[in-house]
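So the structure is just underneath, and the comments pick up after that.
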Amino acid sequence: MSHATMHEILRVENLKVYFPLKRTIEDIVARRQRFLKAVDNVSFNMPEGAIMALVGESGSGKTTIARTVVGLVEPTDGHVYFRGRDIFSLEREEFKVYRRKVQMIFQDPAVSLNPRMKIGDQVKYPLDVNKIGTKEERVEKTMKVLKDVGLSPPEDFYNRYPHQLSGGQKQRVAIARSLVLEPELLIADEPISNIDVSARAQILNLLQQLRDRLHLSILYITHDLSSAWAISDQVAVMYLGKIVEMAPTSEIFSNPLHPYTQALISAVPSLKGFPLARKTKLRGEIPSPVNPPSGCRLHPRCPFAMPVCREKEPEIITLGRDHIVACHLYSKS
Amino acid sequence: MTLLEIRNLKVSYNTRRGKVEALSGVSLDVKQGEVLGVVGESGSGKSTLGLAIMRILPRYSQIEQGEIFFDGRDILKLDDEELREMRGKEVSIVFQDPYSSLNPVRKIVDHFIELFTEHGYTYEKEEIEKIASQLLEKMGVPPEKLHDYPHQLSGGQRQRVAIALGLALNPKLLIADEITTALDALVEAQIVELLKEIKKDYKTSIMFITHNMGLVAQLADRIAVMYAGRLVEVGKTSEVIEKPRHPYTRALLLSVPRIGGSKALQPIPGEPPDMRKPPSGCRFHPRCPLATDLCVREIPVLRNIGDRYVACHYA
C-alpha cells in the first residue's frame, strides 16, 4: 500500500509477538519451548489524522498490537515505525519522548483511575512527572483538557473523586489524562465496551472531535463492528494473530471479502431482524491461539474451505484500491 | 394466558449511604410461550427484577411491596421448601457469567446429578447421564463434554451448559440475564440462534434481560424498556422499535450506531441518574428534550396508549 503523498504516523511491519508458554513435563523431555503466537506477521500503516479500527474477537491479538505500539511489549520480530523511526531502536531519552507522543486508554475507566485521588490531580499527574511548565501552567493545562473532553465546568470536576462520576465521565477523565501531554497518537482499547449504552455515543463523538480539533490519530481497538463503522476511516480485521482483511471503512462494510469478515458483519444484530450482510455462518468457536490450525487459520470453521486452505497459508492479495484480503478464494492461481 | 404477573413491585437495597430503591413500582406480565425482552442500562433495575422473581435477592435488600404471581401463586408468600421446589422446576435463571452457575471442581455431569437429586428424582446415574447428554446435544455441546470440568469448555459451551441446566427440569419460565454479554460477537449470535430454537421446540417462556436493543429485536415478542427503576414503555417488539413513543426509548434507539445508517451519532445528553437521589417526577426529565415543569413535578403513570403502554406525560 502506498500512502506516499500523505504523512504517515504509524507503520507496523511484519510484526511478530510470541509469548513463551510455561513448559510442561513433556516439553522439558522433548527439550522444546512452545510459544503463543499472539501477533504473527502483521503489517499495516496509518496516515496522520486517521481513525483506524482494529477489529477482532478475544484472542485475535489486537490488544497485543496496541501494547507493542506503546512499547509495553517487545516484538519478537518486525518493526514499529513512528513517523518513520523504528521505536525499538530509539535511544533511552528519545524513547521517553516517544512515550509522551503515544498514549493509551483502556476498557475499564474505573480500574485505570485512582479512587483516592482528585480528578484534577490525576489528570495533571503526567505533567508533574514530566516536570512540564510551572505549577500554575500545569493547573491551567489540566483545566483546559478537562474542558476539551466535556467535563465542564472544569473547576467543579477538578476537585471531585472518581466515585462521584458516572462511567462515561470516568472514561472522559481517562481520556483527559492521556491528552495532557499533547500526544499525536491515541490508542483506544475497547473504550466503550464497559460503559453505559447511553454514554457510548458520547465517547465515540468525543474521539471524533478530538481527531478533528487536535488532529490526533487514533488506533481504535474494538470487537464492536457498529462503532468501527461509525467512527473509523479504515478497518483491519484480525483473526488468531493475523490481519485477514483490511480496507477503507465504507468499502469493507459494503464489500466484505473474507468469510470471517462476512461472518462478523452478518452477526451484528440488526433492529430490522434481518442480517446486514450475506449470512456467513462459521462452525464452532475461535480456537486457542496456542495451537492454531494449519494453513488458513479459519479453515476448520469456514463454510468455503477447500483442500488448499488446510495446507497453505493464504498470501495477502490486494484487490482494488487499498483493499487487501488473505484468502484462497481470491488467489489468482 | 398469563404465566407471570408482577404487581407494583418495589425493591430496595441498603447501602452505606442509605437506602436505594432499585425497583419503584413495576407491573409486568409474561405470557405463556412468549419471549419478553427486558431492556435497560446498568442501574435500571432489570437484573433486580430477575432476582426478585427467583427470590434470590441479596441479603442487604428487601421487597418493600408488591406481588409476583406465578401460575396463580404469589411467589413472595412461598416458604423456603416451596421456593426450592419452584426454582429449576418452574422458573430458572441463567446469568451473564456461566462460571457463577457452574462449580469449577465438579464435572458437568455432576451438576445434572445434583439438580435431579435436589428435586427428589430417584433416577439412576446412567439415566441422568442419558438425559443430560441428549440435552447437551440439543444445546450444541458434544455429549462427551459431560465428563469434563467447566474450565475445559469454551465460553460459549459453558453458557450452553448453563442453559441446558436451566432447562433440564422443563421449567415454564427461563430468565436469561445478560447471558450473551460476556461472549464474543459470533458466539453471541450462536446463543441467540439457540434461544430461538428453544422458543420453537419447548413451550418455555423466556424473559430475556439485556442492554442490547439489537438482540431483543432478533428474539423477543414484546419489549419492556426500563429506566431508573421504572418501566417506561412496554409493547410489541416491532412496533416499539419502529415507532418508539417514550423519549428514552427513542433516544436509546438513535444513540446506537447502525451499520449502513447515519454516521452522525446522536448521544443521549447528560448522565444516568444517581439512584441514591433519583430525579423527581419523571426520572428521565433531566435528559429529556420534551421535559416541562409537569415532568419535574409529577410521576407519569404507565398507561395504555393504542398498541402499548407508555409512561410519559407527552406520549
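Reminder, nothing fancy here: chain letters follow the sequence lines and each chain counts from 1. The structure displayed is predicted, hence computed values, not measured ones.
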One option among B/Gln190, B/Glu188, B/Glu242, B/Met213 has the most heavy-atom pairs under 4.5 Å with chain A, and it is B/Gln190

Cut-off 4.5 Å, heavy atoms of chain A, and the answer for B/Leu186 is both

Applying a strict 4.5 Å limit to non-hydrogen atoms, the region of A/Leu282 in contact with chain B is both

Cut-off 4.5 Å, heavy atoms of chain A, and the answer for B/Thr237 is neither

- Quick one: do B/Glu239 and B/Arg308 satisfy salt bridge (Lys or Arg N to Asp or Glu O under 4.0 Å)? Show the steps, please. CA-CA 9 Å; B/Glu239 283 157 7; B/Arg308 75 189 77 176; 5.2 Å; no

Turns out that what part of A/Leu225 lies under 4.5 Å from chain B's heavy atoms comes down to both

Can you label the angle between the B/Tyr60 ring and the B/Tyr13 ring as parallel, tilted or perpendicular, going by 30° and 60°?
tilted

Whatever's closer than 4.5 Å to a heavy atom in chain A on B/Ile241 counts as side chain

Walk me through whether A/Glu57 and A/Tyr260 qualify under side-chain hydrogen bond (donor to acceptor under 3.5 Å, both in side chains). CA-CA 11 Å; A/Glu57 293 176 273; A/Tyr260 183 67; 2.7 Å; yes

> How about B/Lys243: does its NZ atom have over 12 heavy atoms from other parts shown lying under 6.0 Å from it?
Replying inline: no

Looking only at A/Gly284, A/Ser254, A/Ala228, most heavy-atom pairs under 4.5 Å shared with chain B are made by A/Gly284

When the 4.5 angstrom heavy-atom criterion is applied to B/Asn212 and chain A, the contacting part is side chain

When the 4.5 angstrom heavy-atom criterion is applied to B/Val256 and chain A, the contacting part is side chain

Item checked: Quiz item: cation-pi between B/Arg287 and B/Phe284, 6.0 Å / 45° -> no

Okay, A/Thr249 and chain B: the region with an atom under 4.5 Å from a heavy atom over there is side chain

Worksheet item: Do A/Ser266 and A/Thr280 have side-chain N/O donor and acceptor atoms under 3.5 Å apart?
Response: no

Looking only at side chains, do B/Ser24 and B/Glu21 share a donor and an acceptor under 3.5 Å apart?
yes

Ranked by heavy-atom pairs below 4.5 Å to chain A, first place among B/Pro257, B/Gly155, B/Gly140, B/Ser255 goes to B/Pro257

Between the side chains of A/Gln169 and A/Arg160, does any donor sit under 3.5 Å from an acceptor? no

